[in-house]
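See structure below.
The chains referred to below are lettered A, B, ... by the order of the sequence lines, with proteins before strands, and numbering in each begins at 1. Because only heavy atoms are used, hydrogens play no part in the values below, and waters and symmetry mates are left out as well, while side chains stay in. Predicted model, so just to flag it, every value in this text is computed and none were measured.
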Amino acid sequence: MPIHNADIAAIFEEIADLLEIEGANVFRVRAYRNAARTLQELGRDVRTTLQKGEDLTALPGIGDDLAGKMREIAETGRCAALDKLHKKLPPAITELLKIPGLGPKRVKALYHELDIHTVEQLQRAVRDHRIRSLAGFGEKTESRIAEALATHGGGAGRFKLVTAAQYAEPLAAWLRAVPGVDDVVVAGSYRRARETVGDIDILVTAAADSPVMQRFTAYDEVAEVLSHGPTRSSVVLGCRLQVDLRVVEPESHGAALHYFTGSRAHNIAIRRLGQERGLKINEYGVFEGNKRIAGETEQSVFRAVGLPFIPPELREDRGEIEAARAGRLPELVELGDLRGDLHVHTRATDGHDSLREMAEAARQRGFEYLAITEHSRRLTVAHGLDPVRLLQQIDEIDRLNGELRGITLLKGIEVDILEDGRLDLPDELLGRLDLVIGAVHSRFDLSRARQTERILKAMDHPHFTLLAHPSGRLIERREPYDVDMLRIIGKAKERGCYLELNAHPERLDLLDTYCQAAKAEGVLVSVNSDAHSVLDFDHLRFGVGQARRGWLEKGDVLNTRPLAALRPLLKRTM
DNA sequence: GCCGTTTTCGGCCCGACTGTTTTCAGTCG
């Protein structure tokens with residue numbers, strides 16, 4: 001069983017949890033968590049890095065000790081430090097930390113005082129009212145734990161960005177109508193366009209006497225009020241989505257927006273920069289002693305630490321601060337930069353609308369071109385096209401292009417990549433198209449080696465243009481298939497073909513870190529809607545958000561090209 | 001455990017709310 005970065009990260013997280021329960025130095029705990037995060041976001045595999053003999057201590061937050069543990073885990077799959085901790089604390093105890101209201105101190109007390117180290121034991125103790133008598137616990141804490149246990153496992157989890165939007169935007173609009181409210185921004189991971197959000201953070205700028213907080217907790221979708229203070233409240237909506245509201249006065253708007261947009265790691269890094277300059281940065285402003293020197297706008301906060309404005313999508317402490325300092329921030333692609341869409345379906349297969357309707361909707365969006373890319377015959381559930389039906393569609397597109405004004409339809413296909421890497425339609429037919437999108441729709445369970453070879457072989461096909469939804473994951477529903485994405489990116493570079501960033505809210509695939517990897521190799525990414533109806537062009541907004549998280553600029557995105565410039569790029573692969 | 005234009009020790013981001021407390025620890029974001 002090969003060890004991947006995520007496996008090492010999981011071990012480091014577990015060590016951090018156990019150390020925390022043990023009462024270890026908080027900074028030591030933080031070092032393990034930082035390392036886990038670095039590993040999860042690393043664009044390459046630690047094993048490969050080790051095999052090349054590269055120095056792991058060059059990674060941020062990795063010193064001799066952690067580098068040694070990474071090597072140990074990569075080579076043996078085990079970690080002596082973790083085994084040692086397990087002799088002192090039962091492994092299952094970290095599960096208790098996931099229960100809201102239980103942190104390391106209380107978990108430690110439960111273990112030492114009542115010998116509780118599993119969720120089941122905790123349930124029994126709650127039932128017998130043995131918790132309330134512990135020092136630092138009380139009746140309220142006990143009943144809060146009881147409630148949390150009742151919903152444990154059925155927890156809300158993370159929400160897809162599009163789902164969060166459906167709740168957050170009406171709520172924000174409702175808050176904007178409250179007297180005394182100046183501004184309402186949905187901040188947090190939502191503003192950073194993360195593919196999923198754990199909760200919604202709303203920042204309200206309002207006069208001190210505004211009734212906005214009362215109106216918030218009285219919102220009719222609120223199922224539960226978790227906390228309710230003058231500047232900060234938290235609620236849970238009926239859909240189990242948690243919403244946190246913060247109210248600040250206008251002079252603090254920028255500092256608060258920066259703070260509540262996060263990410264936490266980015267904020268810590270910015271505050272550290274402030275510290276180096278003798279400044280204190282909090283959600284109320286940037287302070288030199290007691291004097292506020294910035295905070296009304298986000299720009300002023302960045303300026304105070306000597307940086308230009310950093311777009312929210314980049315704020316993950318993944319190099320954006322260094323790039324900003326060096327004047328090398330990317331000029332991120334915007335929705336309006338897209339000149340067309342290279343992946344849509346129509347009624348001919350599993351779409352809802354006709355060719356003409358899709359073309360018209362694209363034209364109304366201001367698009368110059370639209371590639372029609374139906375499924376191929378292997379995907380029977382989607383009524384995939386066989387050669388006869390594809391030829392009919394080619395004729396129909398030619399006919400329609402003769403009539404349409406202001407938009408050009410491109411002839412394409414989303415052809416299945418078969419298990420052995422062959423494509424699901426004859427070469428001769430694929431050669432007649434403007435572009436060929438290859439896609440994996442079956443056998444997600446292949447080994448990493450076989451899945452990678454399958455895709456690489458497909459990409460070697462002379463007519464292959466673009467790899468659809470490269471990881472195959474469905475957010476919160478299906479894990480990505482196991483594949484060596486860096487080899488795929490390398491193949492795209494070698495072959496002069498492209499990768500898709502599928503904008504469907506359930507896919508958002510290519511992942512952001514791989515967008516960066518593709519960009520580094522000069523491989524263009526196409527942000528496509530995968531629309532199955534005229535409404536689905538709205539998905540592009542989420543795709544562009546993901547592209548921005550991946551540091552992509554206009555020039556890095558294939559379909560920002562005007563048609564005249566696009567055609568030769570498509571030809572190159574044919 | 002990491003790190004260094006404050007460099008091998010002594011720091012490490014900062015504040016709100018809750019509950020159990022009489023001044024604050026724990027948790028959370």
OP1 or OP2 of dG1(B) under 4.0 Å from side-chain N/O of K69(A): yes

Any Y259(A) side-chain nitrogen or oxygen under 4.0 Å from OP1 or OP2 of dA16(B): no

R271(A) side-chain N/O to dC14(B) phosphate OP1/OP2 under 4.0 Å: no

Mutual orientation of the aromatic rings belonging to F12(A) and Y32(A) [parallel < 30°, tilted 30-60°, perpendicular > 60°]: perpendicular

Donor/acceptor link under 3.5 angstrom from R264(A) side chain onto base of dG29(B): yes

Phosphate contact (dA16(B) OP1 or OP2) by R232(A) side-chain N/O below 4.0 Å: no

Result of checking R548(A), Q546(A), R549(A) against E313(A) for side chain to side chain donor-acceptor pair (under 3.5 Å): R548(A)

Interatomic distance at C1', dT20(B) relative to dA25(B), whole Å: 9 Å

R272(A) vs Y32(A), nearer the 5' end of DNA chain B by closest nucleotide: Y32(A)

Candidates dA16(B), dC2(B), dG19(B) - which lies nearest the side chain of E283(A): dA16(B)

Nucleotide nearest A31(A) (side chain, heavy atoms from C-beta), chosen from dC12(B), dC14(B), dC2(B): dC2(B)

Modelled atom types, side-chain donor and acceptor of E316(A) and H266(A), under 3.5 Å: no

Donor-acceptor pair between H539(A) and S529(A) side chains, under 3.5 angstrom: no

Watson-Crick or G-U counterpart of dT27(B), or none if no pair lies under 3.5 Å: dA16(B)

Presence of N282(A) side-chain N/O under 4.0 Å of dG15(B) phosphate oxygens OP1/OP2: yes

Derivation and outcome, ring pair (Phe, Tyr, Trp, His ring centres under 6.0 Å), residues F302(A) and H258(A): CA-CA 9 Å; F302(A) 285 116; H258(A) 177 259; 5.1 Å; yes

Short side-chain N/O contact to dC13(B) OP1/OP2 from R30(A), under 4.0 Å: yes

Presence of Q275(A) side-chain N/O under 4.0 Å of dC14(B) phosphate oxygens OP1/OP2: yes

Phosphate OP1/OP2 of dT20(B) contacted by T141(A) side-chain N/O (<4.0 Å): yes

dG15(B) phosphate, OP1 or OP2, under 4.0 Å from T231(A) side-chain N/O: no

Interatomic distance at C1', dG26(B) relative to dT21(B), whole Å: 12 Å

